[in-house]
Amino acid sequence: MAFEFFSMGSEGSDEVKIKDIENVVIIGSGPAGLTAAIYAARAGLEPLLIEGVPAGGQLMDTTEVENFPGYPEGVQGPQLIDDIRKQAERFGTRFLSDQVTETDVRSEPKIIKTDAGKEIKAHAVIISTGASARYLGLESEQRLKGFGVSACAVCDGFFFKDQTVAVIGGGDSALTDALYLTKHAAKIYVIHRRDKFRAAKVLQDRIFAHEKIEVIWDHVVTEVLGDEDSGVVGIRIKNVKTEEEKVLDLQGMFVAIGHDPNTSVFRGQIELDAKGYVIVKHPSSETSQPGVFAAGDVMDPHYQQAITAAASGCRAALDAQDYLGDKGLLD
């Protein structure tokens, strides 16, 4: 098998060897992609993982992770990603620090083009590009991500025990997050820009009945108050009808206005749902296109946890191995 030599890996020490046709290319370097790489590498598939820019997924913006097995004292999000990456590298995964800009996964072999102008061919592809949480777009919000601003109540709610927090949004996700936070926080504001929720009635009934929750209608957040030393200390909100502003003293803000799956480069090639998530043939990770598999948040609009993403990465690697074996494509 011939090789080409492409760009430096993310560690910056060795050039990445690229085969004429790869057995399997993994796109994305969060828990799903890295776990897929571990399993694929241990199976002798010699996977190539294209990391994306920035590498590591949403955990790179997460401070403390306490619900991932194997870390009884918790672990910083970037450290968790680095640990899984080292494990994948140990078994022979090759890492390409680049961004996928174009694909043709309907062709045989599949074709992947990158931002650096590279064209990579593969017998199988694992899509693990994740989903990006929507934020409000405030400078102060971005500055305080990981310091009291979060888009994952399940991940970070524990850190706000007996404190006051706000949940921003009015759909099922926002109300579910608010109800979850009642297990930890002393008080939860639910702030919604409209005068009624879009969420299911059963969730609304629970919200209105809960003594810890106060709903603030017709308001938007205009500024998150605090700094990296003190964390979030409050938010400034504005009434969309009267333009009146006020400050709420609190320690955490959870943004729950949805996620966007990172699937734009696959549109028109594999089946996506109405929100853009990859549709897989449960219980497998197989997509509508043979030889293309999906793992993690890119195909999971419901759970979106590091551990479920990792588990689905395992499944995708095993499915890819079976596919290559059945087709007689293994080196």
Side-chain angles (χ1 to χ4, degrees), residues 30-31 54 56-68 71-83 130-170 173-193 207 210-216 219-239 245-259 297 304-307:
Q58 295 185 67
L59 281 182
M60 298 301 288
D61 292 327
T62 304
T63 50
E64 193 80 6
V65 178
E66 291 194 327
N67 55 4
F68 198 93
Y71 293 92
E73 303 302 322
V75 61
Q76 297 291 303
Q79 183 63 56
L80 174 58
I81 289 295
D82 189 55
D83 287 346
S132 300
R134 295 179 197 150
Y135 282 89
L136 303 175
L138 303 172
E139 182 280 328
S140 54
E141 170 195 52
Q142 295 301 306
R143 177 168 43 84
L144 290 167
K145 281 171 62 176
F147 296 93
V149 172
S150 172
C152 183
V154 174
C155 306
D156 299 326
F158 176 82
F159 301 108
F160 297 90
K161 190 170 182 62
D162 299 326
Q163 298 185 38
T164 300
V165 300
V167 174
I168 315 303
S173 295
L175 271 56
T176 299
D177 282 358
L179 291 167
Y180 174 82
L181 288 166
T182 61
K183 301 176 182 179
H184 304 293
K187 182 176 181 63
I188 302 98
Y189 294 106
V190 176
I191 300 171
H192 188 38
R193 62 167 53 243
I207 289 289
H210 206 291
E211 60 183 8
K212 286 187 175 182
I213 296 174
E214 179 181 342
V215 178
I216 300 180
H219 277 75
V220 294
V221 178
T222 58
E223 185 181 7
V224 186
L225 307 175
D227 54 47
E228 293 182 6
D229 292 326
S230 60
V232 171
V233 298
I235 57 175
R236 189 182 310 278
I237 62 175
K238 180 177 73 172
N239 189 303
E245 292 191 340
K246 63 181 178 181
V247 171
L248 300 177
D249 296 327
L250 44 76
Q251 292 75 48
M253 183 180 85
F254 292 86
V255 184
I257 56 176
H259 288 74
D297 289 3
Q304 297 187 329
Q305 298 297 300
I307 189 62

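Predicted model, so just to flag it, every value in this text is computed and none were measured.
Although no hydrogens or angles enter the test, the distance criterion places no donor-acceptor pair under 3.5 Å between the side chain of Glu66 and the main chain of Val75. Side chain of Lys212 to main chain of Ala186: no donor-acceptor pair is present (N/O by atom type, distance under 3.5 Å, no hydrogens or angles). Side chain of Ser173 to main chain of Gly258: no donor-acceptor pair is present (N/O by atom type, distance under 3.5 Å, no hydrogens or angles). Distance alone, capped at 3.5 Å, places no donor-acceptor pair between the Arg193 side chain and the Val220 backbone.
With rounding to the nearest 0.5 Å, the separation of OG1 in Thr176 from CD1 in Ile207 is 8.0 Å. Going from atom CG of Leu59 over to atom CZ of Phe68 covers 8.5 Å, rounded to the nearest 0.5 Å. Atom NE2 of His259 and atom SG of Cys152 lie 7.0 Å apart (nearest 0.5 Å). Residue Ile235 holds its CD1 atom at 5.0 Å from CG of Leu248, rounded to the nearest 0.5 Å. To the nearest 0.5 Å, atoms CD (Glu223) and CG (Leu138) are separated by 8.5 Å. With rounding to the nearest 0.5 Å, the separation of CZ in Arg236 from OG in Ser140 is 9.5 Å.
Counting heavy atoms of neighbouring residues, nucleotides and ligands inside a 6.0 Å radius, atom CZ of Phe158 does not exceed 12 of them. Within 6.0 Å of atom CD in Glu211, 12 or fewer heavy atoms from other residues, nucleotides or ligands are found, so the atom counts as exposed in its surroundings.
Residue pairs satisfying the salt bridge (Lys or Arg N to Asp or Glu O under 4.0 Å) criterion with at least one member in residues 175-192, sequence neighbours excluded, are listed as follows: Lys187-Glu214.
In plain terms, the two heavy atoms of Arg134 and Val255 that are nearest each other are O-CG1, 3.5 Å. The shortest heavy-atom contact between Ile188 and Ala178 is CG2-CB, 4.1 Å. Here the closest heavy-atom approach between residue Ala133 and residue Ala151 is recorded as CB-CB, 3.6 Å. Closest heavy-atom contact between Ala256 and Ala174: CB-CA, 3.5 Å. In this structure, Ile191 and His219 approach most closely via the heavy-atom pair CG2-O, 3.6 Å.
Counting heavy atoms from C-beta outward, Val221 and Met253 have side chains that approach closer than 4.5 Å.
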Anything under 3.5 Å between a donor and an acceptor, one on a side chain of residues 159-168, the other on a protein residue two or more places apart or in another chain? List them.
none

### Query
Between Val232 and Leu225, does a side chain to side chain contact (heavy atoms under 4.5 Å, CB included) hold up when you go through it step by step?
CA-CA 6 Å; Val232 171; Leu225 307 175; over 6 Å; no
### Query
Are Tyr71 and Asp83 close enough, and set up right, to give a side chain to side chain contact (heavy atoms under 4.5 Å, CB included), and what steps lead you there?
CA-CA 11 Å; Tyr71 293 92; Asp83 287 346; 2.8 Å; yes
### Message
Is there a side chain to side chain contact (heavy atoms under 4.5 Å, CB included) between Val149 and Tyr135? Walk through the geometry before answering.
### Response
CA-CA 10 Å; Val149 172; Tyr135 282 89; 4.1 Å; yes
### Message
Run the side chain to side chain contact (heavy atoms under 4.5 Å, CB included) test on Ile237 and Thr222 for me, step by step, so that the C-alpha distance in whole Å, both residues' side-chain angles and the decisive distance to 0.1 Å come before the verdict.
### Response
CA-CA 5 Å; Ile237 62 175; Thr222 58; 6.0 Å; no
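A salt bridge does not link Glu141 to Lys145: none of the charged side-chain nitrogens sits closer than 4.0 Å to a carboxylate oxygen.
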